[in-house]
There are 2 protein chains.
Amino acid sequence: MSSTTERSTERSTERRAPLTRARVLQTAADLADTAGIDALTIRRLAERLGVEPMSLYYHVPNKEAILDGTIEVVFTEIEEAVGGFAVPETDAAWKASLRERILTARTVMLRHPWAPGVMDTRAQLGLTAARYVDSVVGTLRSGGLSFDLIHHAMHALGSRMYGFSQELGEPEDESADSAAMEQMAEHVPHLAAMLSVVRHVDPDSTLGWCDDQFEFEFGLDIILDGLERLARNA
Amino acid sequence: MSSTTERSTERSTERRAPLTRARVLQTAADLADTAGIDALTIRRLAERLGVEPMSLYYHVPNKEAILDGTIEVVFTEIEEAVGGFAVPETDAAWKASLRERILTARTVMLRHPWAPGVMDTRAQLGLTAARYVDSVVGTLRSGGLSFDLIHHAMHALGSRMYGFSQELGEPEDESADSAAMEQMAEHVPHLAAMLSVVRHVDPDSTLGWCDDQFEFEFGLDIILDGLERLARNA
DNA sequence: ACCTGAACACCGTTCAAGT
DNA sequence: ACCTGAACACCGTTCAAGT
């Protein structure tokens, strides 16, 4: 099994690119995409890379750095998707520009549903994520907002700025959700009433009760409209 | 060491209340409060309870149930803090009522900084959390909003409804944050400019750059004001 | 009914070594 | 310079047993 025959699929030097930091991080993100974030362990990652677990430590200091790296991979995708992070000096249509950038970021986030959860556990912003945030600040600035208002705006947007709302994570088991709700319906009369109405309005949404895309835009627009109003009255 | 002398601190039947589900969950929340969420392991929890790890499994099916239970503990505290979840049928001051309930919930969340992160990983709402959400729905209903608008409102509020914004987690290391930002200042000119202005405005905030309470209310008010406007135009 | 002990299948990581 | 093997200190959990 440790034979050095040329047809060994694991050891053939032609089949495997050399191990690099970039390949480790890209493969980590791929693994999370295909097998879920819980499957992203040092040992399983090494296996997918055709290498021993300890080999990773030569390219990366520890698991935290791998998680940081997967977020970096995601924001690099966002950078491509939005056509770079450059912003004009002034932009009368700042609101539309920002809205579009955020909704584009969201399409990338939807491909990596583990990313929001991992981002929540990061202590600091990586470079590419910071450059994304910078472009958001720059766009608000191009609309003439004061830095003070911009600062508040960042807090008001929160993670919505990155294109996800809390619930993006995973719906997972809609019918269990529905069943659990019915179980406690008598204890939550208002909630139950709301759901029965909403479900009636949109009986066969593919996403359970809610059209997540619509809801995301609804919340985003409330905030952007509110910021615009504050900027006008300043 | 397994002597049955009466002065054994671990085994004395007088010193230790009987193990119950409620005591397991309350102690789990206490452990997370005092030692951090990472310290909440079955083994350490058992140790704090003066019991063997496997004993917990008699009262609770697995670790997920323990995490569910700690959230239940938190929302029970919120229920007390807000004086119960009952809401009037109609309430002209619905916006002020809701604002106050959310800000009170926030004071509880601030005592349990691990709770937002744990909530993010819960698949479903527990009963007490659901009853809290029900009171939010009820209050919006008491203001005459349609169930459809209420449904959108819930999405717009997101986790803000529970009294936390994404960043509540832990500031942890403000100076490292600051240092990291300076490191990449040239790559994030807009962000750096904003921070230098904001820092100047509030040079010695106890919470790093930001007054989190102010920012939380700012974002909350933008959303509540937007909802009010939509309700009026309906 | 309530608690335990030994064991299993996993983790991330250290350290000293191989090529 | 790059990768590995053995070992350590942890996890959550099963299963069969004790009282």
Side-chain angles (χ1 to χ4, degrees), chain A residues 1-4 8-29 31-32 35-70 114 117-118 121-123, chain B residues 1-4 8-29 31-32 35-70 114 117-118 121-123:
Chain A
M1 45 188 52
S2 59
S3 80
T4 44
S8 154
T9 50
E10 290 301 334
R11 304 291 174 102
S12 147
T13 50
E14 289 166 352
R15 282 214 53 219
R16 284 267 161 229
L19 203 56
T20 62
R21 191 185 127 85
R23 204 161 80 83
V24 168
L25 300 180
Q26 182 63 55
T27 305
L31 181 56
I37 191 64
D38 287 347
L40 177 49
T41 68
I42 299 269
R43 287 162 143 95
R44 291 216 232 175
L45 177 54
E47 188 181 27
R48 184 171 279 209
L49 286 161
V51 105
E52 295 301 314
M54 290 312 104
S55 305
L56 302 188
Y57 284 85
Y58 186 81
H59 298 92
V60 117
N62 49 39
K63 184 166 182 189
E64 287 296 292
I66 293 175
L67 292 174
D68 288 344
T70 62
W114 45 271
V118 172
T121 66
R122 298 305 85 201
Chain B
M1 46 188 53
S2 60
S3 79
T4 45
S8 152
T9 51
E10 291 301 336
R11 303 292 173 100
S12 148
T13 49
E14 291 167 351
R15 280 216 54 220
R16 283 270 160 227
L19 205 56
T20 63
R21 191 185 127 85
R23 205 160 79 84
V24 169
L25 301 180
Q26 183 62 57
T27 306
L31 181 55
I37 190 65
D38 288 345
L40 177 48
T41 69
I42 299 269
R43 287 161 144 94
R44 291 215 233 177
L45 177 55
E47 189 181 27
R48 183 172 280 210
L49 287 161
V51 106
E52 295 301 314
M54 290 314 104
S55 305
L56 302 188
Y57 284 86
Y58 185 79
H59 299 93
V60 118
N62 51 38
K63 182 164 184 190
E64 287 296 293
I66 293 175
L67 293 174
D68 288 345
T70 62
W114 46 271
V118 171
T121 67
R122 299 305 84 201

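Proteins get letters first, then strands, A, B, ... in listed order; numbering begins at 1 in each.
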Let me know the distance between [atom1] of [X] and [atom2] of [N], rounded to the nearest Å.
| X | N | atom1 | atom2 | value |
| --- | --- | --- | --- | --- |
| B:Ile42 | C:dC11 | CD1 | C1' | 16 Å |
| A:Leu49 | D:dC2 | CG | P | 16 Å |
| A:Leu45 | C:dG12 | CG | C1' | 13 Å |
| A:Lys63 | D:dC11 | NZ | C1' | 12 Å |
| A:Glu47 | C:dC10 | CD | C1' | 13 Å |
| A:Arg21 | D:dC3 | CZ | P | 15 Å |
| A:Asp38 | C:dA9 | CG | C1' | 16 Å |

Protein proximity profile, nucleotides 14-19 of chain D - base contact B, sugar-phosphate-only contact S, no contact -, cut-off 4.0 Å on heavy atoms: B-----
What heavy-atom pair brings [X] and [Y] nearest, and what distance separates the two atoms?
| X | Y | value |
| --- | --- | --- |
| A:Ala32 | A:Leu40 | CB-CD2, 4.5 Å |
| A:Ala29 | A:Thr70 | N-CG2, 3.9 Å |
| A:Pro53 | A:Ile42 | O-CG2, 4.0 Å |

Quick one: is [N] close enough that its OP1 or OP2 comes under 4.0 Å of any side-chain N or O from [X]?
| X | N | value |
| --- | --- | --- |
| A:Tyr58 | D:dC3 | no |
| A:Arg43 | C:dT13 | no |
| B:Arg44 | D:dC11 | yes |
| A:His59 | D:dC3 | yes |

Base-pairing assignment for D:dG12 (Watson-Crick or G-U wobble, both under 3.5 Å):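 Partner of D:dG12: C:dC8.
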Assigned partner base of C:dA17, Watson-Crick or wobble definition, under 3.5 Å: none
A:Arg21 atom CZ: more than 12 heavy-atom contacts under 6.0 Å: no
Proximity to the side chain of A:Glu52 - top-ranked nucleotide from C:dT4, D:dG12, D:dT4: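 When the side chain of A:Glu52 is considered, D:dT4 is the closest of C:dT4, D:dG12, D:dT4.
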Atom pair NE2 (B:His59) and OG1 (B:Thr20), whose distance is rounded to the nearest 0.5 Å: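 The NE2 atom of B:His59 sits 6.5 Å away from the OG1 atom of B:Thr20.
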Point-to-point distance, once rounded to the nearest 0.5 Å, from CD1 of A:Ile37 to CG of A:Leu31: 8.5 Å
Donor-acceptor under 3.5 Å (B:Thr27 side chain, B:Arg23 main chain):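 Yes.
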Touch class at under 4.0 angstrom, heavy-atom based, for B:Ser55 against every strand present: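 B:Ser55: base contact, heavy atoms under 4.0 Å.
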